[in-house]
Amino acid sequence: MTVFAYVCIKYSGPNSRERQESVPNSLPDSWSNLDLDVCKLRKVYFFAVSTEEARLKKQFHPYFAKLIPLAKEWRAILRDNMETQVTFDSVIGLLEHHLATLQDDEEHSSTNEDLRKAAEELTRRMNKRAAEAGWSIAVSSPKLAKRKKHEVGVSGSDSDTSVTHAMVESEGSDKIYDFD
């Protein structure tokens, strides 16, 4: 989620177009600190404090405005993760739901591609951190269904929506960790 927010705040569109105007006190800047304890506290604060949702919405670049509902829901399910465990499948389901609602035009195809790349980057980072920690993990990039707006709600889609589950083994117990 934080990588997704970083892209939507720091960039102004597809093809690596960095945002030209400054975003004072941006969320991604507050999460980027060499002191990992400070980073962790700022991210926990982001998920725990309700006013941070408005801050997130305000900082999104206008190009990504249609993705704000996704960001808000993603933040909400990760906030709920503090009390109830959120599965990888529930995050993928959220992404698929929002991808299905986007119009299937050239501009949004680019956004969909950016989301796919962000999912691949997240998977790469999870695997790297797990390997560095010596955990046994098997995560592959999700294959998200490509649906046109008129196909939303149609069951039996022949698109591949399979996802490999991520399970981390640590000291004899299976847990799901947030590597972000």
Side-chain angles (χ1 to χ4, degrees), residues 1-34 39 42-43 45-47 49-79 81 86 88-129 139-154 157 159-163 178-180:
M1 187 307 145
T2 56
V3 173
F4 172 72
Y6 180 92
V7 169
C8 294
I9 293 169
K10 292 289 194 175
Y11 290 85
S12 62
N15 304 320
S16 302
R17 285 191 304 212
E18 290 188 36
R19 189 175 193 157
Q20 297 304 308
E21 68 276 8
S22 174
V23 179
N25 214 12
S26 77
L27 288 166
D29 291 343
S30 74
W31 300 328
S32 302
N33 190 306
L34 293 178
C39 290
R42 288 179 178 169
K43 286 182 181 180
Y45 183 83
F46 168 73
F47 288 109
V49 177
S50 61
T51 57
E52 291 294 280
E53 183 176 291
R55 185 174 171 205
L56 174 70
K57 181 179 176 182
K58 181 179 177 184
Q59 292 183 6
F60 257 51
H61 188 276
Y63 177 83
F64 297 108
K66 290 187 178 183
L67 297 175
I68 290 172
L70 167 60
K72 289 168 54 176
E73 285 186 50
W74 200 348
R75 178 186 168 276
I77 65 169
L78 291 178
R79 179 191 62 234
N81 190 44
V86 175
F88 192 66
D89 285 341
S90 63
V91 173
I92 295 302
L94 175 70
L95 292 171
E96 286 182 333
H97 167 74
H98 282 275
L99 282 172
T101 61
L102 292 173
Q103 293 176 351
D104 192 22
D105 61 22
E106 187 175 316
E107 180 178 315
H108 293 290
S109 294
S110 174
T111 301
N112 292 347
E113 180 64 17
D114 291 343
L115 287 172
R116 185 190 61 75
K117 287 178 182 177
E120 288 174 356
E121 176 65 14
L122 178 61
T123 300
R124 185 189 67 72
R125 287 181 183 204
M126 287 176 63
N127 286 329
K128 180 181 175 187
R129 288 194 184 172
V139 178
S140 65
S141 293
K143 295 177 182 174
L144 300 175
K146 291 185 179 178
R147 295 182 214 150
K148 293 184 178 165
K149 191 172 185 177
H150 68 276
E151 294 174 332
V152 174
V154 176
S157 171
S159 298
D160 183 5
T161 60
S162 63
V163 176
D178 179 11
F179 294 102
D180 198 23

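- Taken to the nearest 0.5 Å, the CG atom of N15 stands 8.0 Å off from the CG atom of D114.
- Note that the CZ atom of R116 and the CG atom of L95 stand 13.5 Å from one another [nearest 0.5 Å].
- Every residue two or more places apart in sequence or in another chain that forms a ring-ring contact (aromatic ring centres under 6.0 Å, His included) with F46 is listed here: W31.
- If you take CZ on F64 and OH on Y11, they are separated by 9.5 Å, rounding to the nearest 0.5 Å.
- Residues M1 and L56 form a side-chain contact, since some pair of their non-hydrogen atoms from C-beta on lies under 4.5 Å apart.
- Between the CG atom in L94 and the CG atom in L99 there is a gap of 9.5 Å [rounded to 0.5 Å].
- When all heavy atoms of A65 and P69 are compared, the closest pair comes out as O-CD, 4.0 Å.
- Atom CG of residue L27 and atom SG of residue C8 lie 12.0 Å apart, to the nearest 0.5 angstrom.
- Under the ring-ring contact (aromatic ring centres under 6.0 Å, His included) criterion, F4 pairs with W74, not counting sequence neighbours.
- In terms of the side-chain contact (heavy atoms from CB on, under 4.5 Å) criterion, residue partners of S12 (sequence neighbours excluded) are, by chain and number, R17, H61.
- Every side-chain contact (heavy atoms from CB on, under 4.5 Å) that K128 has, sequence neighbours left out, goes to R124, E132.
- Among residues at least two apart or in separate chains, salt bridge (Lys or Arg N to Asp or Glu O under 4.0 Å) pairs with a member in residues 50-65 are E52-R55, E53-K72, E53-R75.
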**Message:** E73 vs H97, test: side chain to side chain donor-acceptor pair (under 3.5 Å). Steps then yes/no.
**Reply:** CA-CA 11 Å; E73 285 186 50; H97 167 74; 5.0 Å; no

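- Across all their heavy atoms, C39 and S32 have their closest contact at SG-C, 4.3 Å.
- Residues K117 and E121 are not paired through a salt bridge, judged by the lack of any N-O separation under 4.0 Å between the basic side chain and the carboxylate.
- For R19, the side-chain hydrogen bond (donor to acceptor under 3.5 Å, both in side chains) test picks out E21, with sequence neighbours left out.
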**Prompt:** Step by step, would you call L115 with H98 a side chain to side chain contact (heavy atoms under 4.5 Å, CB included)?
**Reply:** CA-CA 11 Å; L115 287 172; H98 282 275; over 6 Å; no

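- Residues satisfying the side-chain contact (heavy atoms from CB on, under 4.5 Å) criterion with P28, sequence neighbours excluded, are Y6, I9, K10, S26, Q59.
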